[in-house]
Protein chains: 2
Amino acid sequence: MTPTPNPGPVTPEAPGPAGDWLHLDQQICFSLQSASRAFNGVYRVVLKDLGLTYPQYLVMLALWEHGTLPVRKLGEHLRLDSGTLSPLLKRLEAAGLVHRERSARDERSVEVRPTEEGLALRERALDVPRRIVTATGFGLDEIQGLKARLDRLTTALDTAAANEA
Amino acid sequence: MTPTPNPGPVTPEAPGPAGDWLHLDQQICFSLQSASRAFNGVYRVVLKDLGLTYPQYLVMLALWEHGTLPVRKLGEHLRLDSGTLSPLLKRLEAAGLVHRERSARDERSVEVRPTEEGLALRERALDVPRRIVTATGFGLDEIQGLKARLDRLTTALDTAAANEA
DNA sequence: CACAACTAAATTGCACACAACTAAATGACT
DNA sequence: AGTCATTTAGTTGTGTGCAATTTAGTTGTG
């Protein structure tokens with residue numbers, strides 16, 4: 001046994017206004033992650049029929065919109081690097097939804113193109129957005145407002161991380 | 001070659017107000033994930049000295065506050081199941097920060113207790129919250145407001161996922 | 001041309017998340 | 001006491017994220 005068998009609740013040493021600060025970071029970040037994971041849960045249910053995960057759905061959305069994209073551009077759109085995209089794209093290719101081939105102009109680049117089957121899948125995905133928006137219980141204005149705040153937050157955090165590194 | 005060598009931009013078939021809907025789900029969820037991952041990036045930098053990942057930091061926060069918790073309670077606090085917690089706690093134990101032992105009252109339960117070293121680590125973590133809040137560039141009121149919206153969103157999404165399943 | 005600096009993907013290694021399953025213990029009920 | 005549903009952790013397998021490294025191709029410069 002340690003000197004303190006059960007340490008018990010440890011109160012922040014600053015009971016004043018600093019106390020409000022103390023777990024705020026955890027609270028906001030945790031709420032953020034919880035919301036993100038809750039979204040993922042809804043997408044998992046909704047995308048199950050399509051056989052897609054949420055990141056895979058994002059890739060297909062990008063391809064449905066742009067037709068063909070090099071891996072690098074996909075990564076910029078989705079904020080993902082090749083370490084994440086390479087295996088993900090390999091799975092999409094194995095599922096017959098995309099095709100990958102080296103660019104002729106630049107042999108370093110790999111062009112990702114949706115297959116016929118990949119394009120056809122779009123029809124079955126058309127009602128996904130409405131179902132998701134409905135699931136949030138939020139109005140369109142509210143969603144836009146929240147999105148604006150989140151984007152501002154992301155910019156600030158990215159800047160801070162770059163400066164602290 | 002397919003009938004459409006390069007499908008090109010595919011516009012949503014509804015150019016009207018429904019068009020606003022169409023990628024809103026992607027936009028809000030994506031903004032949410034981006035913010036969450038940006039937070040993670042800042043935490044990664046800030047927690048590097050402590051040798052903790054963000055989920056591990058959350059576990060230590062819970063233990064610093066409550067002293068000792070069974071795995072189940074930890075899971076409830078952090079919204080994580082044993083599939084995630086078991087290996088994570090094993091790593092924390094290997095790092096000497098926590099101790100695990102079967103409960104005497106209920107042999108099914110495993111009590112997680114911070115070690116002396118784990119408790120000592122708290123001192124070095126005291127300035128983490130302030131650094132994180134600073135990194136957001138948000139005021140306290142703004143954080144609270146955002147958190148309230150996110151928690152409401154999470155509740156709605158959880159309910160929807162449960163009903164759709 | 002030679003060669004260094006740069007770029008794009010892929011690979012490797014680690015750490016979550018989460019579904020599905022297993023094993024052990026508990027509780028309820030007959 | 002015996003049996004069965006429930007509870008609690010742990011395990012296994014899949015799929016991200018991301019840092020660090022590797023490989024191959026490209027570009028700029030002397």
Side-chain angles (χ1 to χ4, degrees), chain A residues 29-30 33-45 47-48 51-59 69-76 78-95 98 100-112 158 161-162 165, chain B residues 29-30 32-45 47-48 51-59 69-76 78-95 98 100-112 158 161 165:
Chain A
C29 184
F30 183 72
Q33 268 203 321
S34 294
S36 183
R37 282 155 60 192
F39 248 120
N40 242 297
V42 176
Y43 270 109
R44 198 174 300 121
V45 173
L47 294 177
K48 195 176 177 183
L52 293 176
T53 65
Y54 176 63
Q56 290 167 3
Y57 170 68
L58 289 184
V59 168
L69 287 173
V71 173
R72 192 184 65 80
K73 285 285 184 190
L74 266 178
E76 285 174 10
L78 307 182
R79 197 194 170 95
L80 294 172
D81 67 2
S82 67
T84 301
L85 279 176
S86 288
L88 189 157
L89 292 171
K90 223 184 277 185
R91 281 187 283 273
L92 284 181
E93 189 170 43
V98 307
R100 289 186 300 164
E101 61 184 342
R102 291 274 162 193
S103 164
R105 287 185 300 98
D106 186 343
E107 288 281 339
R108 293 170 303 180
S109 178
V110 168
E111 302 281 342
V112 183
D158 283 343
Chain B
C29 184
F30 183 73
L32 207 49
Q33 268 204 324
S34 294
S36 183
R37 282 154 60 193
F39 248 120
N40 241 298
V42 176
Y43 270 109
R44 197 174 301 120
V45 173
L47 294 176
K48 195 176 176 185
L52 293 177
T53 65
Y54 176 63
Q56 290 167 4
Y57 170 68
L58 289 184
V59 167
L69 287 172
V71 174
R72 190 185 65 79
K73 285 284 185 191
L74 266 177
E76 284 174 10
L78 308 182
R79 197 194 170 96
L80 294 172
D81 67 1
S82 68
T84 302
L85 278 176
S86 288
L88 190 157
L89 291 171
K90 223 184 274 186
R91 282 186 283 272
L92 284 181
E93 189 170 42
V98 307
R100 289 187 299 165
E101 63 184 340
R102 291 274 161 191
S103 164
R105 288 183 300 98
D106 186 343
E107 287 281 339
R108 291 171 304 181
S109 178
V110 168
E111 303 281 343
V112 183
D158 283 343

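Proteins get letters first, then strands, A, B, ... in listed order; numbering begins at 1 in each. In what follows, every heavy atom counts, from backbone to side chain, and hydrogens, waters and symmetry copies are set aside.
Listed pair Q33(B) / dT16(D) fails the phosphate criterion, with no side-chain N or O lying under 4.0 Å from OP1 or OP2. Considering only side-chain N and O atoms, T53(A) lies nowhere under 4.0 angstrom from the phosphate OP1 or OP2 of dT14(D). The shortest distance between the side-chain N/O atoms of R91(A) and the OP1/OP2 oxygens of dT14(D) is not below 4.0 Å. For dA10(C), the OP1/OP2 oxygens have no side-chain nitrogen or oxygen of K90(A) closer than 4.0 Å. In terms of phosphate contacts, S109(B) brings no side-chain nitrogen or oxygen within less than 4.0 Å of OP1 or OP2 of dT7(D).
Proximity of P55(A) to L88(A): side-chain heavy atoms (C-beta onward) are separated by under 4.5 Å at one or more points. Looking at L52(A) and V59(A), their side chains never come closer than 4.5 Å, going by heavy atoms from C-beta outward. For the pair L47(A) and Q56(A), the minimum side-chain heavy-atom distance is 4.5 Å or more. Counting heavy atoms from C-beta on, the side chains of L85(A) and V71(A) come closer than 4.5 Å. Considering only heavy atoms from C-beta on, E76(A) comes within 4.5 Å of R72(A) through its side chain. No side-chain heavy atom of R100(A) sits less than 4.5 Å from a side-chain heavy atom of E111(A).
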Contact string for nucleotides 19-26 of chain C, one letter per nucleotide 5' to 3', B = base within protein heavy-atom range under 4.0 Å, S = sugar-phosphate only, - = neither, reads B-----BS

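Under 4.0 Å is where a charged nitrogen must lie from a carboxylate oxygen, and between D158(B) and R37(A) no such pair does. Ion pairing between R102(B) and E107(B) fails under the 4.0 Å rule for side-chain N and carboxylate O.
Both R102(A) and Q56(B) sit near DNA chain C, but only R102(A) has its closest nucleotide nearer the 5' end. Between L89(A) and A38(A), it is L89(A) whose nearest contact on DNA chain C lies nearer the 5' terminus.
L69(B) places its CG atom 11 Å from the P atom of dA9(D), with the value rounded to the nearest Å. Atom P of nucleotide dG17(D) and atom CG of N40(B) are separated by 11 Å, given to the nearest angstrom. What separates CZ of R37(A) from P of dG17(D) is a distance of 13 Å, to the nearest Å. Here the C1' atom of nucleotide dA17(C) and the CG atom of L85(B) are 10 Å apart, to the nearest Å. L74(A) has its CG atom 14 Å from the P atom of dG17(D), to the nearest Å. For the pair R79(A) CZ and dG17(D) P, the computed distance is 12 Å after rounding to whole Å. Rounded to whole angstrom, the span from the CG atom of L92(A) across to the P atom of dA10(C) amounts to 13 Å. dG17(D) atom C1' lies 14 Å from atom OH of Y54(A), rounded to whole Å.
Residue P70(A) is in sugar-phosphate contact alone, with no base atom involved, counting any heavy-atom pair closer than 4.0 Å across all strands shown. Contacts of L88(A) with the nucleic acid, taken as non-hydrogen atoms under 4.0 Å apart, involve only primed sugar atoms and P, OP1 or OP2.
The side chain of V71(A) sits closest to dA9(C) out of dT16(D), dA9(C), dA15(C). For R72(B), taking side-chain heavy atoms from C-beta onward, the closest of the listed nucleotides dA9(D), dG17(D), dA15(C) is dA9(D).
With S36(B) contributing its side chain and L32(B) its backbone, the two residues share no donor-acceptor pair below 3.5 Å. Between the side chain of D81(B) and the backbone N or O of T84(B) there is at least one donor-acceptor pair closer than 3.5 Å.
Among the duplex regions that DNA chain D forms, those built from at least three successive Watson-Crick or G-U pairs under 3.5 Å are C:1-30 with D:1-30, ordered by first number.
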